[in-house]
Each structure stands twice: as C-alpha cells, then as structure tokens.
Amino acid sequence: MMEFGPVPTADAEGCILAHATRAGTAVFKKGRRLSKEDIAQLQKGGIENLTVGRLSSGDIGEDAAAELIAEAARGGNLETDAPFTGRVNLYASASGVFTVDRHAVDAMNRIDPGITIATLAAYEQVEAGRMVATAKIIPFAVGGKQAQTAAEAIRNALDVAPFRPRMVGLVATCLPHLKPSTMDKTRRVLSARLGPSGSTLIAEERVAHTETAVSKALTRLHQLGADFFILFGASAVVDEDDVLPAGIRLAGGTVEHFGMPVDPGNLLLTGSFQGHPVIGAPGCARSPKENGFDWVLSRLLADIPVTRQDITGMGVGGLLMEISSRPQLRTQSPAQTRKDAPHQADPKVAAIILAAGKSSRMGGPNKLLAHLHGKSLIRTAADAAIASSAGKTIVVTGHMADPIKAELAGTGVHIAHNPDFAEGMAGSILAGLEQAGEDCDAVLIMLGDMPAIGKDVLNGMISQFAASPETPIIVATADGKRGNPVLWGKQFFSDLRRLEGDIGARHIIAANPQLVGEYEIGSAARLDLDTPEALAAAGGAFPDVKES
C-alpha cells in the first residue's frame with residue numbers, strides 16, 4: 001500500500017509528488033514520478049522537503065492501472081485514449097447501441113474503492129466517437145493484485161452493437177380525423193430517427209384502417225425489398241386483436257408482445273413478418289421527443305433481440321418526459337412551478353412575432369400582407385418590437401415566407417422559418433426560441449395581426465417583468481380578459497419547447513396561477529384583424545385592392 005508523508009528532497013527520487021510544486025520557473029505537477037534530474041532542479045530551486053507517496057512492493061502507478069482496467073473492459077467497437085492522471089476513456093468506434101454487463105461493473109467497483117469505472121446507461125444509442133466509459137484510478141497507485149482482480153471482473157463487459165442499415169417499410173392507416181399533414185410529419189420524424197443507423201425509409205403505404213389493408217400493405221412493402229416494418233395506426237391499438245396486430249397475423253406474421261411499461265410509449269407492439277422485425281408504433285412516436293418506441297427501435301436496428309421479458313423489464317427509468325400533444329396527459333398540470341429561478345433587474349428580452357400561419361379565416365390572402373394606415377400588418381408589428389426595449393426581434397415565417405421576408409427587408413429583424421407551420425403554432429414558438437438563444441432572460445411572444453400593440457405596450461410588459469420577479473409570466477389583458485402578447489421568463493422555456501401541434505400554452509399558465517402577472521392594455525389594443533370584415537371595418541385593405 002502506498003505511503004504518504006514528508007521527506008527530504010534528496011531522498012525523493014522515484015517517489016510520487018503529492019502536490020504541485022514550483023521551483024524557479026519550473027512547475028512539477030502532482031502525481032509526477034520524480035527523476036534524478038527532477039530532484040536536482042527542485043534542490044536548485046531551494047525546495048528542501050517534499051510531500052510524496054512511496055510505492056510499496058507490488059504497487060502499480062495510476063496510469064498503468066487505468067490502462068489495465070480499460071483494456072480489460074473493452075469489448076467490440078470500442079477504442080481507448082492514452083492514459084492521463086490515472087484516467088483512460090473509452091469511445092465508440094461505430095454508431096450503434098452501447099451494451100454493458102452491469103453486474104460485472106458493480107463487482108469491479110466493489111473490489112477496491114480506488115479502482116473505478118463509470119459508463120453510460122445500458123442500451124443508450126451512441127454515435128461513433130462518443131465517450132461511453134471512463135476508467136479512473138483515484139490514488140496515485142494501487143496494489144497490482146487488486147488491479148488484476150478488477151481487470152478479470154470486468155473482462156469484455158462493455159460493447160457497442162453496431163447498427164445494420166435496413167430498408168424500412170412504413171404502413172400508415174387512415175381515418176377521416178387524421179390530417180394528411182400529420183401523416184407527412186410522422187414520415188419526416190421517422191426518417192430522422194432512422195438517420196443515425198444509416199437505414200432508409202424506402203416506401204410508405206397509406207391504407208384504410210382495416211386488417212386486410214394492413215396485411216396487403218405489408219406484403220407489397222416486402223416485395224419492394226423492405227426488411228424492417230413500422231406501422232402507425234390512425235387509431236391507437238387497444239388490444240392484441242385490434243387492426244394492426246390482426247393485419248400482421250393475416251399477412252402471415254406473428255405478434256410477439258403488446259404494451260410496455262414506458263411512458264410515453266405504452267401502446268407499442270412488436271412482432272415479425274417474413275423473418276423481419278415489425279414494430280407497431282404508439283401515437284407518441286409521431287413526436288420527435290424520446291419515448292418507448294426509441295428504446296425498441298434502436299435495439300432492433302442494432303440486431304439486439306427485444307423479448308417480452310426485455311420489454312417488461314423497462315419500467316424502472318421508463319417514466320420519460322411528458323409529450324404535451326398526447327390526447328391524454330398524465331396530469332392536468334404538466335408544467336412545474338419554479339419560484340426559485342434567477343431573475344434579472346435589467347432583463348434581456350427577445351420579441352418573437354408569430355407570422356407563419358395560413359390566414360385561413362381571411363379567405364385566401366395572407367392577412368399579414370394587408371395594409372392599414374399605409375403599412376402592412378407584419379411591418380407594423382415588427383416596427384413596434386424594434387422600437388421597444390426588447391434586445392432582439394425575431395419573426396417566425398411559414399406560409400408565404402418570401403413575401404413576408406420582403407416586407408421586412410432592411411429592418412434588421414431576425415428570421416426564423418418553421419417548415420411545419422401547418423401543424424400549428426407550437427413549431428413556430430420552438431423556432432423562435434431557438435433563434436432567441438439561451439442567453440435571453442425572457443421572450444415576449446406576440447402575434448403579427450394585432451396592429452394596435454405598440455412599443456408602449458411591449459415596454460410596459462417588459463418593465464413589469466423586470467420589477468416583479470415573483471411573476472415570471474406576464475399576460476396582456478383587456479377589461480379583465482386575458483390574451484396576447486404573453487411574456488415568458490426563461491424558466492418556462494423548457495415547457496414551451498414541449499408544446500406540440502396547435503396546442504397553445506394556456507395549460508402552462510393555468511398550472512402556475514401564482515406566477516402570472518397581468519398587464520392591462522385596454523380594449524382598443526385588442527384589435528385582431530382575422531377576417532375580411534374585420535380588416536374592412538378597420539379601414540385596411542390588401543395592396544392590390546382599391547380602398548373606397
């Protein structure tokens with residue numbers, strides 16, 4: 001066992017330096033094994049005594065021990081870096097799924113408190129080059145016998161199962177309530193999920209929500225070369241005799257398991273068709289946020305079997321982040337109260353103008369291009385935000401993005417585009433937040449069709465936020481009725497990012513009534529030009545329409 005203590009510098013050759021030491025212009029780092037030349041330089045610098053560690057017979061240094069442990073633990077598709085300060089890191093050399101023998105890791109970590117290894121969670125998806133584990137020796141040296149025992153305990157305990165690119169076929173059933181735009185987004189989200197594995201979505205079959213249609217779609221996709229099948233039902237699977245599992249069996253496939261103790265992701269099913277994997281995706285898999293579908297998909301893409309016993313063992317750690325677009329949330333108050341969030345007296349605020357909608361109530365033209373008092377509605381909103389004390393103005397575009405940008409040319413606003421604008425305002429809020437950046441203290445979200453909201457309203461809301469740390473949400477009101485704009489402190493950014501589709505943020509406000517402040521703007525400021533009648537009544541018109 002290594003012994004520490006003070007010794008004369010002249011007697012310290014071969015010892016381990018316990019503390020960083022300066023001798024003249026030279027600095028000797030702690031953990032350095034002192035050579036004859038080191039001793040001479042330390043003495044020349046006037047260092048007469050040192051605190052050092054002396055290796056006992058059979059001890060090995062920290063770097064050698066760390067390398068021994070890392071090399072022993074390394075299984076397939078892993079590589080190590082050079083040892084330093086008693087540490088050796090292990091990295092994935094291929095993209096895939098990290099696997100680890102937890103019992104072996106626990107056993108090794110209990111052999112000697114100075115010999116440790118830490119890893120990612122089992123079955124985590126990793127990209128090539130990602131660190132998956134680190135072997136760390138805590139003291140400057142450990143007993144050689146203990147190090148060898150630890151190495152044997154963790155032999156080949158870590159591995160990366162590499163992805164095998166697949167040809168994926170998608171079956172999506174249709175019912176009248178399911179929008180084509182939702183199905184389009186589902187396909188895009190799935191393609192993004194398949195990207196890290198190198199897999200390709202070769203075809204999609206959109207069919208009626210019947211077992212016969214599902215069966216025939218599976219057969220057609222197999223004939224096209226699909227070797228992996230994913231099914232999205234227009235209606236959630238409720239039992240093993242529902243449309244999707246019945247369609248798999250009708251096609252000659254098998255259903256292996258339905259249901260999983262991971263939330264979101266409960267309504268997942270697994271099976272096989274023509275010897276290839278089949279996953280019946282839960283509805284939450286239409287969202288890019290992590291859910292139980294990801295856990296099963298990544299393993300199967302890495303050729304890791306997923307059995308009934310595997311799935312039923314996923315409950316611990318299976319409570320994942322809520323997806324707010326789910327038809328039924330876990331609670332009626334998904335947002336958490338955060339009273340202890342930091343607050344700035346002179347906050348950095350970004351104004352986000354939502355300008356991505358299709359203006360469907362206007363009957364054709366984009367309402368934001370309509371003119372009122374010689375200026376377009378979007379330019380009026382942008383000018384108000386620019387003139388306010390907000391440090392940055394962001395306009396989120398979507399429908400007719402180019403004409404909107406043309407209206408804003410030369411203003412200096414930041415443009416954020418939402419390609420999924422047809423899905424609702426949630427995507428626009430997310431796009432605006434990404435442009436705002438994490439250094440913002442708050443965002444002021446406003447609509448582009450409220451021309452009476454001027455800089456005074458915006459400045460008033462920002463001032464109230466700065467003066468009232470107890471209310472990090474400021475909502476505009478008129479005659480006691482809440483509306484837009486709404487200012488959000490940064491402690492709510494994560495909640496805003498979890499919004500999905502056309503679900504607004506009213507539930508966040510309702511869940512945190514004690515954190516909401518109201519700012520009265522007056523009824524005149526609530527002018528909202530959504531329809532041709534409202535526009536005409538206000539004296540506005542589109543540029544190509546002559547005003548009477």
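Side-chain atoms are counted along with the backbone in the values below, which use heavy atoms only and exclude waters and symmetry mates. Nothing fancy with the numbering, it's 1 onward along the sequence.
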Show every salt bridge (Lys or Arg N to Asp or Glu O under 4.0 Å) that has at least one partner inside residues 84-103, sequence neighbours left out. Arg102-Asp106
Any salt bridge (Lys or Arg N to Asp or Glu O under 4.0 Å) involving residues 33-50? Give me the pairs, sequence neighbours left out, ordered by first then second residue. Arg32-Asp38
Would you check if the side chain of [X] reaches a backbone N or O of [Y] as a donor-acceptor pair within less than 3.5 Å?
X      : Y      : answer
Asn291 : Lys289 : yes
Arg110 : Val105 : no
Asp441 : Lys348 : yes
Ser197 : Ser199 : yes
Asn109 : Ile117 : yes
Ser468 : Glu470 : no

Among all residues two or more places apart in sequence or in another chain, which pass the salt bridge (Lys or Arg N to Asp or Glu O under 4.0 Å) test with [X]?
X      : value
Arg286 : none
Lys30  : none
Glu256 : none

Taking NZ, NE, NH1 and NH2 as the nitrogens, is one of them in Asp184 or Arg187 under 4.0 Å from a carboxylate oxygen of the other? no
Check this for me: does any side-chain nitrogen of one of Arg166 and Asp227 sit under 4.0 Å from a carboxylate oxygen of the other? no
Quick one: list whatever passes side-chain contact (heavy atoms from CB on, under 4.5 Å) with [X], sequence neighbours left out.
X      : value
Pro288 : Val189, Glu500
Ala436 : Ala350, Ile394, Cys440, Val443
Ile138 : Thr116
Ala385 : Ala351, Ile353, Thr393, Met446, Leu458

Give every donor-acceptor pair under 3.5 Å between a side-chain atom in residues 11-21 and any protein atom, sequence neighbours left out.
unit_1: Thr21; atom_1: OG1; unit_2: His19; atom_2: O; d: 3.0

Could you check whether any side-chain heavy atom of [X] comes within less than 4.5 Å of a side-chain heavy atom of [Y], counting everything from C-beta outward?
X      : Y      : value
Leu34  : Leu42  : yes
Val413 : Lys392 : no
Asp263 : Leu320 : no

Given Glu127 and Arg130, is the salt bridge (charged side-chain N to carboxylate O under 4.0 Å, His left out) satisfied, shown in steps? CA-CA 6 Å; Glu127 295 181 355; Arg130 182 176 176 184; over 6 Å; no
Please name all residues satisfying ring-ring contact (aromatic ring centres under 6.0 Å, His included) with Phe232, sequence neighbours left out, ordered by chain then number. none
Side-chain donor/acceptor pairs under 3.5 Å, residues 68-86, sequence neighbours excluded:
unit_1: Glu71; atom_1: OE1; unit_2: Arg74; atom_2: NH2; d: 3.1
unit_1: Glu71; atom_1: OE2; unit_2: Thr80; atom_2: OG1; d: 3.1
unit_1: Asn77; atom_1: ND2; unit_2: Val160; atom_2: O; d: 2.9
unit_1: Asp81; atom_1: OD1; unit_2: Asn89; atom_2: N; d: 2.9
unit_1: Asp81; atom_1: OD2; unit_2: Asn89; atom_2: ND2; d: 3.2
unit_1: Asp81; atom_1: OD2; unit_2: Tyr91; atom_2: OH; d: 3.3

